[in-house]
Protein chains: 2
Amino acid sequence: MNAQFKKGVLDMCVMALLGFRDRYGYELVHEISERFEISEGSIYPLLRRLLTEGYVTTYLQESDEGPARKYYSLTKQGIMARDELISEWRDFSAAVSDLIGEMTNAEG
Amino acid sequence: MNAQFKKGVLDMCVMALLGFRDRYGYELVHEISERFEISEGSIYPLLRRLLTEGYVTTYLQESDEGPARKYYSLTKQGIMARDELISEWRDFSAAVSDLIGEMTNAEG
DNA sequence: TTCACTATCTTGTAATGCAAGATACTTAAA
DNA sequence: TTTAAGTATCTTGCATTACAAGATAGTGAA
């Protein structure tokens, strides 16, 4: 999988998942991995960025299965950023898919 | 428009356009600009990369309207790279759109 | 001669995914 | 006891790439 495709999209996916319910980093890695390849080295720095930008807040919660989990919760700013990203993604991915469709259908 | 979304996608779009017919840099900038925002500072270095990787060849052609145009032509390797990228893009963008759809429809 | 348009190219910066590795808790097998 | 597997977080440094900004240069019209 082309790593470049994921640039910017990962933020959006994480925020979309957090919009549904709070989640912790490890959970996000596994959740997204069901859709496409992703590594922990991408998610943890990304979550830190979202925190710095005020798009998420965090709280610790103990677990019976291992170390405490750090849950992430989407803020109002996060919701707005997410919605903006999703809107841009829809326009952009549609434009790209159109272009590809036109160029490959008409190919000589 | 989120610049991050374009990472990797621009290569694919340029190669898709070149798969239809040979084009020169300035032309590509304007062609792609009809679909989404793009600048010359992205296209010319990108074309140089494609050349280095053997995905395109070039030839000069004089013009009545200004300086000579450098046309880019897709090689067999370029065609294979393009097809691979397009296949990955289709899978990836579908996965992302699905995830977003599921998370925003079911939102509380 | 000045401007607009056409056309190519370079430099430096910012952003971000990821490999690799460190740390630490729990449980179960050897 | 020791070892390993699974769960969980975090950091460092690297590679890639879009783009702003600016330089250069040809053509044709005002």
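As the structure is a computational prediction, the values presented were derived from the model and not from experiment.
- Counting any heavy atom pair closer than 4.0 Å across all strands shown, B:E27 reaches no nucleic acid atom.
- A:E62 places no side-chain N or O within 3.5 Å of a backbone atom of A:A68 that could act as its donor or acceptor partner.
- As a whole-Å value, the separation of A:Q61 CD from D:dT7 P is 18 Å.
- Straight-line distance from the CD1 atom of B:I32 to the C1' atom of D:dA18: 12 Å, rounded to whole Å.
- Regarding B:F5, its CZ atom lies at a distance of 14 Å from the P atom of D:dA18, rounded to whole Å.
- Electrostatic pairing of B:R49 and B:D11 counts as a salt bridge here, judged by a charged N lying under 4.0 Å from a carboxylate O.
- Under the 3.5 Å distance criterion, the side-chain polar atoms of A:S73 are left unmatched by any main-chain donor or acceptor of A:T58.
- Two residues, A:S42 and A:D64, neighbour DNA chain C, and the one matched to the more 5' nucleotide by heavy-atom proximity is A:S42.
- Looking at the side chain of B:Y26, the nearest of the listed nucleotides C:dT6, C:dC9, D:dT11 is C:dT6.
- Taking atom NE2 of residue B:H30 and atom C1' of nucleotide C:dT6, one finds them 8 Å apart after rounding to whole Å.
- Take the nearest nucleotide of DNA chain C for A:G66 and for A:M1: the residue whose nucleotide is more 5' is A:M1.
- The side chain of B:P67 lies closest to D:dG26 when the candidates are D:dG26, C:dC18, C:dT8.
- Residue B:K7 is classed as a base contact, given a heavy-atom separation below 4.0 Å to a base.
- Among the protein residues, A:F92 comes within range of no part of the nucleic acid, since none of its heavy atoms lies under 4.0 Å from any strand.
- The side chain of A:R69 contributes no N or O atom lying less than 4.0 Å from OP1 or OP2 of D:dT7.
- Taking only side-chain nitrogens and oxygens, A:R48 never comes nearer than 4.0 Å to OP1 or OP2 of D:dT9.
- Taking only side-chain nitrogens and oxygens, A:R49 comes nearer than 4.0 Å to OP1 or OP2 of C:dG17.
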_For A:D22 and A:Y59: C-alpha separation, side-chain torsions, deciding distance, then whether side-chain hydrogen bond (donor to acceptor under 3.5 Å, both in side chains) applies._
CA-CA 10 Å; A:D22 294 355; A:Y59 54 94; 2.6 Å; yes
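- The nucleotide whose nearest atom lies closest to any side-chain atom of A:K70 is, among D:dT9, C:dG17, D:dT11, D:dT9.
- DNA chain D is contacted by both B:A68 and B:D11; B:D11 maps to the nucleotide lying nearer its 5′ end (nearest heavy atom per residue).
- Remark: P of D:dA21 and CD of B:E40 are 14 Å apart, rounded to the nearest angstrom.
- Applying the 4.0 Å criterion to OP1 and OP2 of D:dT9, one finds that A:Y24 has every side-chain N and O outside that range.
- By the 6.0 Å contact criterion, CZ on B:R48 is open, its count of non-hydrogen atoms from other residues, nucleotides or ligands being 12 or less.
- Put simply, CE on B:M12 is 15 Å from C1' on D:dT17, counting in whole angstrom units.
- For C:dC9, neither phosphate oxygen OP1 nor OP2 lies less than 4.0 angstrom from any side-chain nitrogen or oxygen of B:Y44.
- Which of D:dT16, C:dA19, D:dC10 sits closest to the side chain of A:Q4 comes down to D:dT16.
- A:N2 has its CG atom 17 Å from the P atom of D:dA15, to the nearest Å.
- Within 4.0 Å (heavy atoms only), A:F36 reaches no atom of the nucleic acid at all.
- The CD atom of A:E62 sits 13 Å away from the C1' atom of C:dT26 (whole-angstrom rounding).
- Counting non-hydrogen atoms of neighbouring residues, nucleotides and ligands closer than 6.0 angstrom, the CD atom of A:E37 reaches no more than 12 such neighbours.
- Between B:S63 and C:dA7, a side-chain N or O to OP1/OP2 separation shorter than 4.0 Å is present.
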